[in-house]
Amino acid sequence: MKKLYYKIELRIGEWVLYDDDENEYGELYYFNEGYMIFTDDSFEGYLTNDVLFGDIGENNELYLELLDFDEEEQLQFLSFSGHFEDIELPGAYTLIGLSEQEKFAAIKFVEPIKDFSKQEKIEKELERVKQIYFIP
């Protein structure tokens with residue numbers, strides 16, 4: 001079972017319609033970067049102290065779940081999904097909120113991480129972040 005490591009960026013916002021072209025998506029309220037580990041079509045990763053899980057389905061459906069703490073230190077569970085003609089890495093994709101459809105997530109798979117020592121650091125940091133959420 002081969003693992004692939006990627007640097008990622010994630011933006012989350014709420015859809016807003018504008019009369020100008022300056023705001024591509026809407027109002028952004030979350031921007032973070034981190035790392036993701038692919039095992040087959042599933043992945044898990046972290047963005048600072050937030051945990052990210054997901055997979056790529058049979059019909060090129062990209063699904064992700066984010067666990068983070070909001071401003072009141074309440075645990076948030078956000079899920080997003082999108083169907084695409086083709087999913088290529090590196091690449092960028094915009095996903096629709098599943099529980100709150102007024103929200104969207106824009107994920108960018110920036111670059112693969114091939115350095116073995118960096119991969120080890122990513123594994124260790126992911127384990128540390130998962131412990132914040134009591135994930136084994």
Side-chain angles (χ1 to χ4, degrees):
M1 181 172 1
K2 184 176 179 175
K3 293 183 178 182
L4 299 174
Y5 297 77
Y6 265 87
K7 179 176 182 179
I8 59 169
E9 295 176 352
L10 182 68
R11 294 174 174 87
I12 297 175
E14 294 187 9
W15 297 109
V16 177
L17 297 176
Y18 290 101
D19 292 333
D20 60 25
D21 293 330
E22 290 181 27
N23 296 296
E24 185 177 348
Y25 301 112
E27 296 293 330
L28 293 174
Y29 66 87
Y30 180 98
F31 177 82
N32 210 337
E33 58 184 41
Y35 296 93
M36 182 179 290
I37 303 169
F38 276 92
T39 306
D40 297 323
D41 289 335
S42 297
F43 57 81
E44 61 181 359
Y46 64 91
L47 304 126
T48 311
N49 286 329
D50 300 336
V51 179
L52 185 68
F53 297 98
D55 61 49
I56 298 174
E58 295 176 11
N59 299 323
N60 286 326
E61 178 185 17
L62 181 57
Y63 173 78
L64 69 87
E65 300 173 346
L66 177 71
L67 295 173
D68 79 325
F69 288 100
D70 66 15
E71 293 172 356
E72 289 90 35
E73 293 298 313
Q74 298 292 318
L75 181 61
Q76 287 193 107
F77 176 82
L78 301 170
S79 56
F80 302 91
S81 180
H83 290 277
F84 301 95
E85 191 172 309
D86 194 23
I87 297 176
E88 296 182 11
L89 303 178
Y93 302 92
T94 302
L95 310 172
I96 307 285
L98 294 177
S99 56
E100 300 180 52
Q101 297 213 345
E102 71 275 2
K103 295 187 185 228
F104 68 89
I107 187 165
K108 181 176 183 182
F109 300 94
V110 178
E111 64 186 358
I113 306 298
K114 297 183 178 181
D115 179 80
F116 182 70
S117 63
K118 180 67 175 174
Q119 291 175 354
E120 285 182 329
K121 288 178 185 175
I122 292 169
E123 293 265 0
K124 287 179 183 175
E125 183 64 10
L126 176 58
E127 292 307 312
R128 182 196 70 78
V129 174
K130 285 168 61 175
Q131 296 218 350
I132 294 171
Y133 298 90
F134 304 104
I135 300 170

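What you see below is based on every heavy atom in this structure, not just the backbone, and it leaves out hydrogens, waters and symmetry mates. Numbers here are sequence positions counted from 1.
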Practice problem: Kindly indicate, with the supporting measurements, whether the criterion side-chain contact (heavy atoms from CB on, under 4.5 Å) is fulfilled by Ile113 and Lys7. | Solution: CA-CA 7 Å; Ile113 306 298; Lys7 179 176 182 179; 4.2 Å; yes

Quiz prompt | Heavy-atom neighbours of Lys108 NZ exceed 12 at 6.0 Å | solution = no

Quiz prompt | Other residues, nucleotides, ligands: >12 heavy atoms within 6.0 Å of Phe116 CZ | solution = no

Compare all side-chain heavy atoms of [X] with those of [Y] and state whether any distance is below 4.5 angstrom.
X: Leu52; Y: Ile8; value: yes
X: Asp50; Y: Leu10; value: no
X: Asn49; Y: Arg128; value: yes
X: Tyr29; Y: Ile12; value: yes
X: Phe31; Y: Leu47; value: no
X: Tyr35; Y: Glu125; value: no

Exercise. Of all the heavy-atom pairs spanning Tyr46 and Ile122, show the shortest one and how long it is.
Key: CE2-O, 3.6 Å

Quiz prompt | Closest non-hydrogen atom pair, Leu95 against Gly82 | solution = CD2-N, 3.6 Å

State yes or no: do [X] and [Y] share one hydrophobic cluster built from I, L, V, M, F, W and Y residues joined by side-chain heavy-atom distances below 4.5 Å, directly or via other members?
X: Leu66; Y: Leu98; result: no
X: Val110; Y: Tyr6; result: no
X: Ile132; Y: Leu67; result: yes

Quiz prompt | Ring geometry between Phe38 and Phe109 (parallel below 30°, tilted from 30 to 60°, perpendicular above 60°) | solution = tilted

Quiz item: Is Asn60 reaching over with its side chain to a backbone N or O of Glu85, donor-acceptor style, under 3.5 angstrom?
Solution: yes

Exercise. Test Lys3 against Glu123 for side-chain contact (heavy atoms from CB on, under 4.5 Å), laying out the working first.
Key: CA-CA 11 Å; Lys3 293 183 178 182; Glu123 293 265 0; 3.2 Å; yes

Enter the distance from [X]:[atom1] to [Y]:[atom2] here, rounded to the nearest 0.5 Å.
X: Ser42; Y: Ile37; atom1: OG; atom2: CD1; value: 12.5 Å
X: Lys103; Y: Ile96; atom1: NZ; atom2: CD1; value: 13.5 Å
X: Glu9; Y: Glu33; atom1: CD; atom2: CD; value: 6.0 Å
X: Leu62; Y: Ser81; atom1: CG; atom2: OG; value: 7.5 Å
X: Glu44; Y: Asp55; atom1: CD; atom2: CG; value: 12.0 Å

Self-check item: Trace of the side-chain contact (heavy atoms from CB on, under 4.5 Å) decision for Leu89 with Leu4
Solution: CA-CA 11 Å; Leu89 303 178; Leu4 299 174; 5.6 Å; no

Quiz item: Out of Phe84, Tyr63, Phe104, Phe80, which one pairs with Tyr93 under the ring-ring contact (aromatic ring centres under 6.0 Å, His included) rule?
Solution: Phe84

Exercise. Report the C-alpha separation of Asp115 and Tyr5 in whole Å, then their side-chain angles, then the decisive distance to 0.1 Å, and conclude whether the side-chain contact (heavy atoms from CB on, under 4.5 Å) test is met.
Key: CA-CA 9 Å; Asp115 179 80; Tyr5 297 77; over 6 Å; no

Quiz item: Less than 4.0 Å between a side-chain N and a carboxylate O, is that true for Glu127 and Lys130?
Solution: yes

